[in-house]
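A quick write-up on the structure given underneath.
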2 protein chains.
Amino acid sequence: MSDRSSGLGGLTSARQVGRLAPVRRTSTVDLIADRLRDAVVDGSLPPGAALGEAELAFQLGVSRGPLREAMQRLTAEGLLVIPRRRGLAVRTMTPEDVRDIHWLRARIEPELARRILARPLAERKTVLAELGAEVKRMQRALKKHDARALGDAYLDFHRGLAAWGGSIRLARMMSTLLIETRLCTFSMYEHFEVAVDLVPEHAAFVEALAAEDAERFNALMCAHLDAEVRRLLAEPEATKEDDADRLLAETPDEPQPLDRLDLPEGI
Amino acid sequence: MSDRSSGLGGLTSARQVGRLAPVRRTSTVDLIADRLRDAVVDGSLPPGAALGEAELAFQLGVSRGPLREAMQRLTAEGLLVIPRRRGLAVRTMTPEDVRDIHWLRARIEPELARRILARPLAERKTVLAELGAEVKRMQRALKKHDARALGDAYLDFHRGLAAWGGSIRLARMMSTLLIETRLCTFSMYEHFEVAVDLVPEHAAFVEALAAEDAERFNALMCAHLDAEVRRLLAEPEATKEDDADRLLAETPDEPQPLDRLDLPEGI
DNA sequence: TATTGTAAGTTTGTCGACAATACGATGATC
DNA sequence: GATCATCGTATTGTCGACAAACTTACAATA
């Protein structure tokens with residue numbers, strides 16, 4: 001991702017010729033997993049819909065073996081659910097999931113600013129440019145009332161944040177969390193509306209970064225995630241407590257409708 | 001997990017007879033994955049060792065299909081690495097991984113106290129009892145100089161913390177992080193020694209919880225995780241900066257020794 | 001002597017097939 | 001009329017097999 005040779009100066013430029021980047025060979029399982037993830041993200045596999053293995057394998061042009069392996073991977077990521085003998089289903093997020101995911105994000109994302117600001121100036125500039133571009137994308141999407149594109153830009157903004165502020169592991173985790181966030185918007189669709197506040201909120205993030213004000217970024221991010229939860233759960237700002245209780249109580253946990261089975265394994 | 005009928009009073013006690021707990025049917029893949037996880041935790045699959053599928057499948061008494069599916073799941077969890085056409089290997093943690101994992105833990109674990117303290121009194125008592133028992137286990141293990149048992153108790157202590165302070169998702173994530181922590185101790189074994197401080201540190205955690213002092217718990221946990229990183233990386237307390245740089249520089253990222261291949265998929 | 005080319009062997013990656021199981025529908029009995 | 005039992009079907013879970021690919025060792029040549 002980041003340029004490996006930067007920082008070494010021109011000293012090694014003579015040997016640089018032999019320094020070819022390693023070939024990225026990706027396995028079939030990887031490809032299938034990516035394809036499935038994309039399908040989950042763009043909504044072509046809606047939450048709750050149960051799909052047969054044979055059909056899916058045929059569509060993807062592979063046999064059931066590799067498909068099943070990819071399914072297991074997405075299951076471990078929490079995006080898919082594999083009810084016994086019933087194919088696979090995209091996970092449906094519950095109100096509890098929404099809170100959970102955003103709680104985790106609230107632990108991580110605010111801190112990212114500090115780590116980004118600790119980077120050298122040149123990189124910081126790149127980050128600002130990238131994030132700024134994403135905000136512009138969001139703006140354009142909003143103008144066209146394209147909720148899908150807005151969501152995509154949102155995803156990429158936060159993905160970029162994690163990529164620059166964290167490690168590979170962190171980026172991977174954040175990416176999963178973000179996809180889960182999107183699953184939340186799919187699952188809670190009745191409450192979902194194109195959020196006009198989103199663009200100024202994210203513009204403010206970039207501003208805070210530019211001003212090197214980690215504290216403000218922190219506060220902004222917490223506020224944003226808070227607002228996001230309320231938006232998704234359709235909680236009015238004031239009666240937060242009551243609604244939280246109500247929605248939690250609404251969550252039935254006995255009759256499990258096929259895509260709400262709890263997470264797979266005994267951890 | 002939590003008692004479902006509580007709050008309804010004794011009204012439903014007559015029907016309670018018919019309320020059997022759902023049968024936990026676990027798939028073969030789950031079983032294999034659990035077995036592999038256990039093997040990683042207890043060190044029978046040491047980091048870096050490459051194992052053949054056929055051999056492993058034979059040992060587990062299953063065919064290669066389900067084994068491969070389980071492997072994919074552990075891969076998604078970051079515990080295994082699947083180099084192309086070379087079987088599977090337990091991941092070797094790098095110094096960067098150590099910092100990374102503990103940074104994540106430091107974002108999450110300190111906050112757990114607040115959530116535990118928000119629970120009703122009865123539950124809090126249970127938590128304290130459970131955690132106290134784990135500390136006792138640690139103490140006994142230390143007395144016997146049994147590093148393995150000490151590590152197990154340590155794992156269960158923090159697992160319990162996550163189980164009581166978080167959601168299912170959080171518990172799952174923490175469990176993975178803890179197993180990765182253990183992999184760190186395996187991977188950095190040359191620097192690893194039985195830590196005598198561990199027991200009083202954890203006793204202090206329980207005390208802080210008993211005193212309902214979330215702030216102190218917070219500080220203690222951060223200090224503990226910090227110390228853990230230093231211990232693993234063998235960084236003396238003072239020259240932290242220098243050593244951090246040195247160790248990071250030591251990490252070669254070009255010639256990848258089979259179990260250090262980066263995380264599998266393009267997230 | 002070092003390096004490249006070749007060949008054998010081993011292991012994975014993928015596929016097809018079989019069997020077991022769960023579900024749905026239809027019919028029978030109380 | 002409703003509930004239960006039985007049968008059929010569709011789909012999964014598992015296994016075995018084949019072919020391709022990678023590695024290692026060995027030999028030949030410069």
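Throughout, protein chains are lettered first and strands after them, A, B, ... in sequence-line order, and every chain is numbered starting at 1.
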Item to check | Side chain of A:R68 - closest among C:dG13, D:dT12, C:dC15 | outcome: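 So the side chain of A:R68 is nearest to D:dT12.
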Checklist entry - Would you say B:R35 has more than 12 foreign heavy atoms packed within less than 6.0 Å of its CZ? => result no
Interatomic distance where [atom1] belongs to [X] and [atom2] belongs to [N] [whole Å]:
X: A:M71; N: D:dG13; atom1: CE; atom2: P; value: 7 Å
X: A:E55; N: D:dT12; atom1: CD; atom2: C1'; value: 15 Å
X: A:I32; N: C:dG13; atom1: CD1; atom2: C1'; value: 11 Å
X: B:L51; N: C:dT10; atom1: CG; atom2: P; value: 18 Å
X: B:E53; N: D:dG16; atom1: CD; atom2: C1'; value: 14 Å
X: B:F58; N: C:dT10; atom1: CZ; atom2: C1'; value: 18 Å
X: A:L67; N: C:dG13; atom1: CG; atom2: P; value: 16 Å
X: A:Q72; N: D:dT12; atom1: CD; atom2: P; value: 13 Å

What are the two closest non-hydrogen atoms of [X] and [Y], and how far apart are they?
X: B:I32; Y: B:P66; result: CD1-CB, 3.7 Å
X: A:A33; Y: A:A70; result: N-CB, 3.8 Å
X: B:D100; Y: A:L170; result: OD2-N, 4.1 Å

Item to check | Base-contact (B) and sugar-phosphate-only (S) positions in nucleotides 18-25 of chain C, heavy-atom cut-off under 4.0 Å, - elsewhere | outcome: --BSSS--
Item to check | Partner of B:L45 under side-chain contact (heavy atoms from CB on, under 4.5 Å), chosen from B:D38, B:L88, B:L51 | outcome: B:L51
Next on the checklist: Can you see whether A:W103 has A:R105 sitting over its ring - NZ or CZ less than 6.0 Å from the centre and within 45° of the normal?
Outcome noted: no
Checklist entry - When we call it a touch if two heavy atoms are under 4.0 Å apart, what does B:G65 touch: a base, just sugar-phosphate, or nothing? => result nothing
